[in-house]
Amino acid sequence: MSDTVEYVNQSVAPPHPLKEFWFYFKENKGAVVGLYYIVIVILVAIFANFIAPHGPFEQYRDAILKPPAWMDGGIWTYPLGTDDVGRDILSRLIYGARLSLFVGVIVVTISLAAGILLGITSGYIGGYYETAIMRMMDIMLAMPALLLAMAIVTILGPSLRNAILAIAIVILPHYVRLTRASVLSEKTKDYVTASTVSGAGTFRLMFIVILPNCMAPLIVQATLGFSTAILDAAALGFLGLGAQPPTPEWGAMLANALQFIQRAWWMVTFPGLAILLTVLAFNLAGDGLRDALDPKLKR
Amino acid sequence: MIRFLFRRIAMIIPAFIGVTLLTFALIHLIPGDPVELMAGERGIDPVRHARLMAQLGLDKPLPIQYLNYITGVMRGDLGKSLVTKQPVLKEFLTLFPATLELSLFALTFAITVGLPMGVLAGVKRGTFLDHSVMGLSLTGYSMPIFWWGLQLILFFSVYLGWTPVSGRISALFWIEPDTGFMLIDALRSEEKGTWISALRHLILPSLVLGTIPLAVIARMTRSSMLEVLQEDYVRTARAKGLAPWRVIMIHALRNATIPVITVIGLQTGVLLAGAILTESIFAWPGIGKWILESIHRRDYPAIQGGVLIISSLIILVNLGVDVLYGIVNPRIRHTR
């Protein structure tokens with residue numbers, strides 16, 4: 001084959017999907033900033049042992065309620081100050097990043113997997129099975145997410161593990177509905193009929209033929225799911241129904257902060273700032289993903 | 001319209017049944033049975049245990065128990081609190097006005113700030129103003145409101161000393177609860193300054209609780225405004241030479257608010273869930289704080305009743321919004 005032909009072929013071929021995706025994604029400046037921030041948080045979480053100046057549980061009895069380094073009385077040994085038992089707040093926040101990302105990953109994995117399974121089967125099978133599942137999801141959606149999660153934690157008992165499970169259950173309906181809606185619109189299309197005619201089995205049709213074409217909205221929802229998971233886990237931790245002290249979870253770190261509000265604002269401010277920035281980053285990235293993946297918005 | 005109304009009302013019945021099933025399951029999924037829970041740490045001898053179980057109808061098969069539970073619910077019997085021994089419904093009704101007062105203020109704040117913000121952002125699309133509104137709204141949407149409440153206390157109460165930290169009214173005053181709405185009860189008080197004190201206590205919690213609804217309303221108003229501004233009739237209105245503000249405020253905004261109404265209705269759940277966090281920060285004696293305390297005290301009948309009433313309320317408000325929507329926008333009545 002000559003060089004010219006190759007050149008022509010290249011120019012006609014559409015850009016690699018990832019390249020095309022990045023082209024649209026980087027249009028949204030906020031989304032790019034969010035993505036960079038997420039990457040940084042992931043790195044911090046992975047290398048927490050090396051970055052954190054102190055252990056998350058180490059108590060320095062001679063340095064209780066030290067203010068941040070730049071204030072009077074603060075020292076650079078404890079850059080963001082210490083808490084009421086002399087633990088370094090920065091180190092606890094760094095280890096907390098691990099927990100928050102862990103919560104996000106597990107919650108999204110559980111609810112995405114279960115949501116896809118329920119959504120794709122109810123969309124494909126239909127009938128009473130579909131009605132039963134969808135009504136159940138509607139009922140779950142009628143309750144405020146936090147209240148339902150609290151009810152589930154009441155049954156299971158308060159701990160980080162049970163909080164994760166509760167949040168995964170609570171956000172499940174969104175994935176089920178989203179998957180079912182995409183399956184319904186996909187399953188009547190010609191390529192599915194073609195596969196059916198050529199003898200593909202039910203399992204293959206559901207998970208290999210249809211599912212890949214339903215992924216775009218699910219990816220967006222999964223990214224936004226991270227922010228919901230982190231926020232709700234922090235709220236449960238704050239209420240004493242999630243991670244229990246002395247776990248360095250961002251929400252649990254705020255649980256007894258109210259009593260120090262007069263004396264130690266740094267104990268009250270930094271953990272919440274970490275939650276807000278991380279949640280904001282995931283929401284920004286999710287918005288960008290939606291713009292990049294939604295073909296309707298592409299001009 | 002009547003058919004539409006009936007269809008909508010019929011749709012909520014399965015939802016109610018589902019919610020009662022869920023709250024019924026709640027009490028049966030917890031480890032230990034209710035009698036053991038009532039007996040507490042001391043334990044109870046098997047004979048009395050069996051007698052109490054029979055007395056409470058807990059020895060019957062589950063379907064019968066559920067039927068008994070649901071007939072009780074219909075009559076307004078939600079059981080008695082294990083801690084205070086008071087009927088759950090009575091406790092709920094005493095505390096509910098506090099939450100309602102707070103939620104109404106929060107919603108008013110969210111609408112009066114969020115709606116104009118959204119309209120401005122939509123009209124000035126792509127400008128610095130638009131970007132700031134959208135940025136602020138996304139930040140509000142991502143806000144851990146329990147932390148936001150602490151920050152506002154830190155700034156307004158601790159640093160500036162402008163607002164009180166917690167409660168519904170200064171400890172200097174004693175208000176005999178009558179309607180349960182502090183602002184109304186305080187008005188009838190003889191003492192000077194009670195009403196102002198009640199209002200000052202209401203400001204910070206409303207701000208905190210209204211933050212997420214504010215963000216959602218601003219976003220929704222903006223996108224709805226953008227859509228409406230592209231319609232032909234808006235161009236016609238402009239071409240007729242109407243004043244720009246008139247086109248925006250009268251012609252566009254009226255249609256743009258239709259989806260916003262739905263979104264405002266959907267905030268009921270957000271408000272009631274947010275009330276749990278807000279009330280626990282500001283020591284606001286409403287149902288949010290009550291449910292949280294019930295969970296910590298393992299007062300299962302109270303949790304069960306609270307979850308049931310709150311969920312039913314949300315279902316009813318959503319029904320109300322749907323009906324309102326059908327009145328505002330006749331097209332919706334004939335679909336489906």
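Since the model is a prediction, treat every value here as computed from it, not as a measurement. We name chains A, B, ... by the order of the sequence lines, and we start the count at 1 in each one.
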**Asked** Would Leu280(A) and Met143(B) count as a side chain to side chain contact (heavy atoms under 4.5 Å, CB included) if you check the C-alpha gap in whole Å, the side-chain angles of each, and the deciding distance to 0.1 Å?
**Response** CA-CA 8 Å; Leu280(A) 186 59; Met143(B) 190 65 82; over 6 Å; no
Please look at [X] and chain A and tell me whether the side chain, the backbone, both or neither of the residue comes under 4.5 angstrom of a heavy atom of that chain.
X: Leu26(B); result: both
X: His296(B); result: side chain
X: Ile145(B); result: neither
X: Leu150(B); result: both
X: Ile303(B); result: side chain

Just how far is it from atom [atom1] of [X] to atom [atom2] of [Y], taken to the nearest 0.5 Å?
X: Phe238(A); Y: Ser280(B); atom1: CZ; atom2: OG; value: 4.5 Å
X: Ser311(B); Y: Met140(A); atom1: OG; atom2: CE; value: 12.0 Å
X: Ile12(B); Y: Asp138(A); atom1: CD1; atom2: CG; value: 13.5 Å
X: Leu147(A); Y: Ile310(B); atom1: CG; atom2: CD1; value: 5.0 Å

Which answer fits [X], side chain, backbone, both or neither, if we ask what part of it has an atom under 4.5 Å from a heavy atom of chain B?
X: Ile230(A); answer: neither
X: Thr269(A); answer: both
X: Leu156(A); answer: neither
X: Asp287(A); answer: side chain

**Request:** Identify the heavy atoms of Asn283(A) and Ser142(B) that sit nearest to each other, and give their distance.
**Result:** ND2-OG, 2.9 Å
**Prompt:** What are the two closest heavy atoms between Ala273(B) and Leu146(A), and how far apart are they?
**Reply:** O-CD2, 3.8 Å
Within the structure provided, determine whether [X] and [Y] are in side-chain contact (heavy-atom separation under 4.5 Å).
X: Val279(A); Y: Pro144(B); answer: no
X: Tyr300(B); Y: Thr154(A); answer: yes
X: Ile314(B); Y: Met143(A); answer: no
X: Leu239(A); Y: Ile295(B); answer: no
X: Leu148(A); Y: Val307(B); answer: no

**Message:** Please check: side-chain N/O of Trp147(B) versus main-chain N/O of Val268(A), any donor-acceptor pairing under 3.5 Å?
**Reply:** yes
**Item:** Option that, when pairs with chain A are counted at under 4.5 Å, heavy atom only, ranks first among Leu21(B), Val158(B), Leu154(B)
**Value:** Leu154(B)
**Request:** For Glu227(B), look at atom CD and say whether over 12 heavy atoms of other residues, nucleotides or ligands are found less than 6.0 Å away.
**Result:** no
